[in-house]
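What follows is a single structure, written as structure tokens, with notes after it.
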Amino acid sequence: MSAIQAPRGTFDVLPADAARRAVLEDRAHRVLGAAGYARIETPTFEATELFARGVGESTDIVQKEMYTFDDGGGRSLTLRPEGTAPVCRAYLEHGMHKLAQPVKLWYLSSFYRAEAPQRGRYRQFWQVGAEAIGSPSAETDAELILLLAELLGTVGVREVRLRLSSLGTPATRAEYREELTAFLHAHEDGLSPEVVSRIDLNPMRAFDADDRSTAATMRDAPLLLDRLAPADAEHFARVRELLDAAEQPYELDPTLVRGLDYYARTVFEFASDALGAQSGVGGGGRYDGLIEQLGGSPTPASGWAAGVERMLLAAGDLPVAAEAVDLFVAQAAPEAASGAFALAHEARHAGLRAQMELAGRSLKGQLRHADRVGARYVAIVGPPGEGVGFRDMESGDQTELEARSVIARVLRGSSL
RNA sequence: GUGGGCGUAGCUCAGCUGGUAGAGCUCCUGGUUGUGGUCCAGGUGGUCGUGGGUUCGAGUCCCAUCGCUCACCCCA
């Protein structure tokens, strides 16, 4: 039990897990790259104001989940809690509006939120995200949704469901919120005490209460989807049309809300029943107002983010290729160390995956170790002047070679 | 922040109504006086999360505390 542990909510990525994550990264690269999305990385921390303005002052994230610190010079910085605002900041900072629109970007980065950790929820976590900035089209939204579906599919995320909705414009949302709040207050008798206490804080929550009476009352509640302005309704209909044409199944969920303030129009979320309480594996939507909110000119944009840990939790076994070792250089005696060292170095220079004995094992121990790391060949280096025992670990055959012909022999790959 | 479960070797765990620590796996060494995968033997490795208390004696009982974990909330 060591005195110092990884901080609460953080974890070490050990080699076995690192291999699975590498597979995921490769899949993301392939799926998003194929659609013309280019990789972007932004700083791990940003000006606190970016998130206060971009994510929304009223959100849980900004109110209680940010790691904020002073940089020593009176500037307030924050470990990024999400990726969309930073990408938009970069879009503005580098004048990407002059590029062909939309600018399509993706990232795989770590994020930080001071929440109570549980299964699938950490204080440092990783997300794959994609953003298309500069297009208002429903095609953009539908394409993004299909790309995320594709990614989840190729990674093998199980029991995936897609929930879809539209939030309309911020104005529509504000009006609807008032209407819903008024409805809830007018029907407090039929609502559970928890829901009532939360009416002004989070009225949408009333929709997914388990309480029977609350559920009955909510059947008559107004729905945001029914209040969409004509243009928004038309946009949403087009998104659905495209998803239908692509045979992407989804559930229409008028109660779907996303945690960040900047969303407008299309919103969606993929959930996996293979997970526990934190079932959302990825989600996103359209955020037409964000760029303007950050000081740019009005720019439509759309995007999503998916949790790496959650995708991996919900995925079955990923086929992880074993790392092959071409050559293990053993030493027959301590005097052979220099010769072995030189041979291993040369072998790597020649492009081989070569390892050498580093732990002072007995020769028997070295062979056993070579076997465990999966070495195809073992060179047993003798003292200066003597030859090298060259052993094929599959057949067990062994011959004597001169040291300088060992590498060529491995490259040729011939069995003995 | 609140509630449930759990904290014994690197890992997975055993340890009954209290008698001062075990197994399997891993790792190392030897059996093969310079050679792998099986087998056999041996060894390394633990302030039983921490601090108090009860007791002749506590891994085992009591209290506190810390940590992990699941859930609420919220979200990736």
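The figures that follow rest on heavy atoms only: side chains count, while hydrogens, waters and symmetry mates do not. Numbered from 1 within each chain, the chains take letters A, B, ... in sequence-line order.
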Next on the checklist: Please report the distance separating the C1' of G57(B) from the corresponding atom of A14(B), rounded so that it comes out in whole Å.
Outcome noted: 23 Å

Checklist entry - For atom C1', what is the distance between U20(B) and U47(B), given to the nearest Å? => result 13 Å

Checklist entry - When all nucleic acid strands are considered with a 4.0 Å heavy-atom cut-off, which category describes A370(A): base, sugar-phosphate, or nothing? => result nothing

Next on the checklist: Could you tell me if R227(A) sits above the aromatic ring of Y176(A), with its cationic atom closer than 6.0 Å to the ring centre and no more than 45 degrees from the axis?
Outcome noted: no

Next on the checklist: Say we look at C48(B) and G19(B): how far apart would their C1' atoms be, to the nearest angstrom?
Outcome noted: 16 Å

Next on the checklist: Please evaluate residues Y37(A) and L105(A) with respect to the criterion side-chain contact (heavy atoms from CB on, under 4.5 Å), reporting the C-alpha separation (whole Å), side-chain torsions for both, the decisive distance (0.1 Å), and the verdict.
Outcome noted: CA-CA 5 Å; Y37(A) 284 73; L105(A) 303 166; 5.6 Å; no

Checklist entry - Would you say the side-chain atoms of H29(A) pair up with the backbone N or O of R39(A), donor to acceptor, closer than 3.5 Å? => result no

Next on the checklist: In this structure, how many angstroms lie between the P atom of C75(B) and the CD atom of Q278(A), rounded?
Outcome noted: 10 Å

Item to check | Span that lies between the P atom of G5(B) and that of A21(B), in whole angstrom | outcome: 30 Å

Next on the checklist: Just to be sure I understand the rule, does G382(A) reach a base, reach only the sugar-phosphate, or reach nothing, if contact means heavy atoms closer than 4.0 Å?
Outcome noted: nothing

Checklist entry - How far, in whole Å, is G67(B) from G30(B) if one measures between their P atoms? => result 45 Å

Checklist outcome for this item: The nucleotide from U29(B), G34(B), A71(B) with an atom nearest the side chain of R361(A) is U29(B)

Next on the checklist: Regarding U35(B), can its base be found pairing with the side chain of Q366(A) as donor and acceptor, where the two atoms are less than 3.5 Å apart?
Outcome noted: no

Item to check | Integer angstrom distance from the P of G22(B) to that of C28(B) | outcome: 25 Å

Item to check | Separation between the P atoms of G3(B) and U12(B), rounded to whole Å | outcome: 28 Å

Item to check | Residue pairs fulfilling side-chain hydrogen bond (donor to acceptor under 3.5 Å, both in side chains) with at least one residue in residues 328-345 of chain A, sequence neighbours excluded | outcome: none

Item to check | Rounded interatomic separation in angstrom, taking CG from L24(A) and P from A76(B) | outcome: 17 Å

Item to check | Value in whole Å for how far the P atom of A76(B) lies from CE of M311(A) | outcome: 13 Å

Next on the checklist: Looking only at the aromatic ring of each residue, does the gap between the centers of Y250(A) and F268(A) stay below 6.0 angstrom?
Outcome noted: no

Next on the checklist: Using the rule given for salt bridge (Lys or Arg N to Asp or Glu O under 4.0 Å), can you reason through D232(A) versus R265(A), listing the C-alpha separation, both sets of side-chain angles and the distance that settles it, and then say yes or no?
Outcome noted: CA-CA 6 Å; D232(A) 296 333; R265(A) 290 192 161 173; 2.7 Å; yes

Item to check | Most 5' of A305(A) and D371(A) on RNA chain B, judged by nearest nucleotide | outcome: D371(A)

Checklist entry - Quick one: do the S279(A) and S272(A) side chains pair a donor with an acceptor below 3.5 Å? => result no

Next on the checklist: Under 6.0 Å between ring centres: does that hold for F390(A) and Y377(A)?
Outcome noted: yes

Checklist entry - Applying ring-ring contact (aromatic ring centres under 6.0 Å, His included), which residue pairs with at least one partner in residues 199-225 of chain A are found, sequence neighbours left out? => result none

Next on the checklist: Whole angstroms only, please: what is the CG-C1' distance between D397(A) and G37(B)?
Outcome noted: 15 Å

Checklist entry - Rounded to whole angstrom units, what separation is found between the CZ atom of R80(A) and the P atom of C75(B)? => result 21 Å

Item to check | Sequence neighbours excluded - salt bridge (charged side-chain N to carboxylate O under 4.0 Å, His left out) pairs with any residue from residues 281-290 of chain A | outcome: D141(A)-R286(A), R286(A)-D288(A)

Checklist outcome for this item: Rounded to whole Å, the CG-P distance (L367(A) to G31(B)) equals 15 Å

Item to check | Evaluation steps, side-chain contact (heavy atoms from CB on, under 4.5 Å), between L191(A) and S213(A) | outcome: CA-CA 6 Å; L191(A) 302 173; S213(A) 160; over 6 Å; no

Check nucleotides 66-68 of chain B against the protein and report each pair of N or O atoms closer than 3.5 Å, with its distance, or say if there are none.
unit_1: C68(B); atom_1: OP2; unit_2: R8(A); atom_2: NH1; d: 2.6

Item to check | Quiz item: R391(A) side-chain donor-acceptor pair to G36(B) base, under 3.5 Å | outcome: yes

Checklist outcome for this item: Reading nucleotides 38-48 of chain B from 5' to 3' and marking B where a protein heavy atom lies under 4.0 Å of the base, S where only the sugar-phosphate is that close, and - otherwise, the string is -----------

Next on the checklist: As a quick check of understanding, evaluate side-chain contact (heavy atoms from CB on, under 4.5 Å) for I291(A) and L92(A), giving each step before the final call.
Outcome noted: CA-CA 8 Å; I291(A) 299 274; L92(A) 286 170; 3.7 Å; yes

Checklist entry - Is Q63(A) touching bases, backbone alone, or none of the nucleic acid, heavy atoms closer than 4.0 Å? => result nothing

Item to check | Residues in contact with RNA chain B, drawn from residues 112-132 of chain A - heavy-atom cutoff 4.0 Å | outcome: R113(A), E115(A), A116(A), Q118(A), R119(A), G120(A), R121(A), Y122(A), F125(A), Q127(A)

Item to check | N or O in side chain of S362(A) less than 4.0 angstrom from G34(B) OP1/OP2 | outcome: no

Item to check | Distance between P atoms of C6(B) and U17(B) (Å, rounded) | outcome: 15 Å

Checklist entry - Are side-chain N/O atoms of S302(A) and E131(A) paired as donor and acceptor at under 3.5 Å? => result no

Item to check | For atom CZ of F328(A) and atom P of G37(B), their distance in whole Å | outcome: 14 Å

Next on the checklist: Nearest whole Å is fine: how far is C75(B) C1' from E82(A) CD?
Outcome noted: 12 Å

